[in-house]
Amino acid sequence: SALTWPISSPNPAGNLLSSGHQSPSAARSWWRPWNQPSSSTKRSMPTAAAAVARVPLSAAPAITWCLTRAIESVGLDAPPVDVLAADIGPPLEDTLAAHGVAPAGFETAKATYRSCYATEGLARSVLYPGIVEALSNLRSGGARLATATSKRVAMATDVCRHLGIADYFEVIGGAGEFDRLHKPEILGWTLERMGGEAPGRTAMVGDRRYDVAGALALGLPAVGVGWGYGTSDELVAAGAAMVLDAPEQLPAALATVLTG
C-alpha cells in the first residue's frame with residue numbers, strides 16, 4: 001500500500017498532472033526530483049487526512065490470509081491469493097460478496113475475518129520502508145495526520161499500535177460496526193473529529209481508486225502512491241493528480257500541492 005494525496009477536481013493545482021490527461025510515467029517523472037532536499041519542505045504543512053492503514057503498511061499477507069479463512073468459514077473454496085490481493089480496498093462485505101459469500105453468511109465470515117486479523121493478521125502486517133521517517137517528517141513539519149481506512153476503528157487502532165505508529169495520528173479514523181462503510185463516509189467522519197476540513201489545507205492519501213473517489217466526493221485534493229496495492233493506471237484513471245514513487249516524497253509534495 002501507499003500514501004497518496006488525491007486532487008478534488010480536474011487539475012486543481014494548475015501545473016500538476018491533470019486528472020487522466022497525462023500518463024502515470026509522466027506523473028512519476030515529475031515527482032522524482034522531490035526525493036532531494038528542497039526549500040519547499042520548510043513551508044507550513046497542511047492538515048492531512050491519510051488512508052494510512054493501507055498506505056504505510058503492507059497488510060496484503062494478513063488480509064489475504066484472513067479473507068481465505070473467512071470465505072472457507074461459510075463452506076466456500078477461497079480463490080488464489082493473487083485474486084484476493086486484487087480486491088483489497090473496498091468494504092469487507094463487498095469483498096466477501098465478490099467471492100461468492102451470500103448476505104446470510106456475512107456475519108459468520110466477518111467474525112472469522114476479524115478474529116483472524118486480531119491474532120494472526122497483526123503478526124503478518126509490516127511497515128513499508130521509509131514510512132516512519134515520512135510520518136515523522138510530516139509531523140515535525142506541522143502536518144496534522146489521521147487515518148481514513150476501511151478497517152473498523154478498533155482494528156485500525158490495534159494495527160497502528162502494534163506497528164508503533166499510533167502516536168503519529170491525531171485521529172484514527174475507520175469504518176463503523178454497521179455503518180460508515182464507504183470511503184466518503186469514513187473520510188467525512190474523520191475530518192469532523194479533526195475539527196472539520198480546512199479548505200486548501202486538507203488532502204487525502206491513498207493507494208486505491210476507492211481512496212481517490214472518497215477524496216473527490218468531498219472536494220479534497222488527492223495524490224496517488226505507487227508502493228501500495230493499486231497501479232498507477234488505476235489511480236490516474238480514478239482522478240489522482242499525481243503518483244509518488246516513495247514515502248520520502250510526501251512532505252515536499254504536500255507542501256507544494258497544498259498552499260492554503
Thr112 side chain to Thr108 backbone, donor-acceptor under 3.5 Å: yes
Considering all heavy atoms, the nearest Pro129-Pro247 contact: O-CG, 3.6 Å
Joint hydrophobic cluster, Leu96 plus Ile63, side-chain heavy atoms closer than 4.5 Å: yes
Spacing of NZ belonging to Lys151 relative to SG belonging to Cys160, to within rounding of 0.5 Å: 9.0 Å
Linked, directly or transitively: Val153 and Val171 (ILVMFWY side chains, under 4.5 Å): no
Steps toward side-chain contact (heavy atoms from CB on, under 4.5 Å) verdict (Leu145, Arg139): CA-CA 7 Å; Leu145 303 176; Arg139 282 295 301 272; 3.8 Å; yes
Inter-residue atom distance Ser150.OG - Asp94.CG, 0.5 Å rounding: 9.0 Å
Worked check of side-chain contact (heavy atoms from CB on, under 4.5 Å) between Val132 and Tyr168: CA-CA 9 Å; Val132 171; Tyr168 288 108; 3.5 Å; yes
Side chain Asp207, main chain Gly230, donor-acceptor under 3.5 Å: no
Atom pair CG (Leu84) and SG (Cys66), whose distance is rounded to the nearest 0.5 Å: 11.0 Å
Non-hydrogen side-chain atoms of Glu248 and Glu133 separated by less than 4.5 Å: no
Stepwise side-chain contact (heavy atoms from CB on, under 4.5 Å) test for Tyr113 and Arg69: CA-CA 7 Å; Tyr113 178 87; Arg69 306 285 83 76; over 6 Å; no
Evaluation steps, salt bridge (charged side-chain N to carboxylate O under 4.0 Å, His left out), between Arg180 and Glu185: CA-CA 5 Å; Arg180 207 169 67 247; Glu185 301 163 334; over 6 Å; no
Side chains of Val243 and Val236 in contact at under 4.5 Å (non-hydrogen atoms): yes
Rounded distance (nearest 0.5 Å) linking atom CG of Leu187 with atom CG of Leu216: 10.5 Å
Residue pair Tyr117 / Val159: nearest heavy atoms and the distance that separates them: CE2-CG2, 3.6 Å
Nearest atoms (heavy-atom pairs only) where Leu181 meets Gly176: CD2-O, 4.1 Å
Leu67-Leu76 co-clustered via ILVMFWY side chain contacts under 4.5 Å: yes
Over 12 non-hydrogen atoms of neighbours within 6.0 angstrom of CG in Asp77: no
Check against side-chain contact (heavy atoms from CB on, under 4.5 Å), Leu220 and Leu191: CA-CA 11 Å; Leu220 294 179; Leu191 289 173; 3.8 Å; yes
Close side-chain approach of Asp211 and Arg208, heavy atoms under 4.5 Å: yes
Taking every non-hydrogen atom, the tightest pair across Leu250 and Ala134: CD1-CB, 4.5 Å
Heavy-atom closest contact (Trp189 atom, Gly173 atom, distance): CZ3-CA, 3.7 Å
Flag if over 12 foreign heavy atoms under 6.0 Å of CZ, Arg193: yes
Within 6.0 angstrom of Asp167 CG, more than 12 heavy atoms from elsewhere: no
Side chain proximity check, Val83 to His99, heavy atoms < 4.5 angstrom: yes
Within-4.5 Å side-chain heavy-atom neighbours: Thr149 and Ile186: no
Rounded distance [0.5 Å steps], CG in Leu163 versus CG in Leu122: 7.5 Å
Sub-4.5 Å side-chain heavy-atom contact between Thr68 and Cys116: no
ILVMFWY network linking Trp65 to Ile88, side-chain heavy atoms under 4.5 angstrom: no
Common cluster, Leu138/Ile172, ILVMFWY with side-chain heavy-atom separation under 4.5 Å: yes
Nearest non-hydrogen partners of Ser125 and Ala62, listed with the distance: OG-CB, 3.7 Å
Test item: His182 and Tyr210 side chains (from C-beta on) under 4.5 Å apart, heavy atoms: no
Approximate separation, where rounding is to 0.5 Å, of Arg209 CZ and Asp233 CG: 12.5 Å
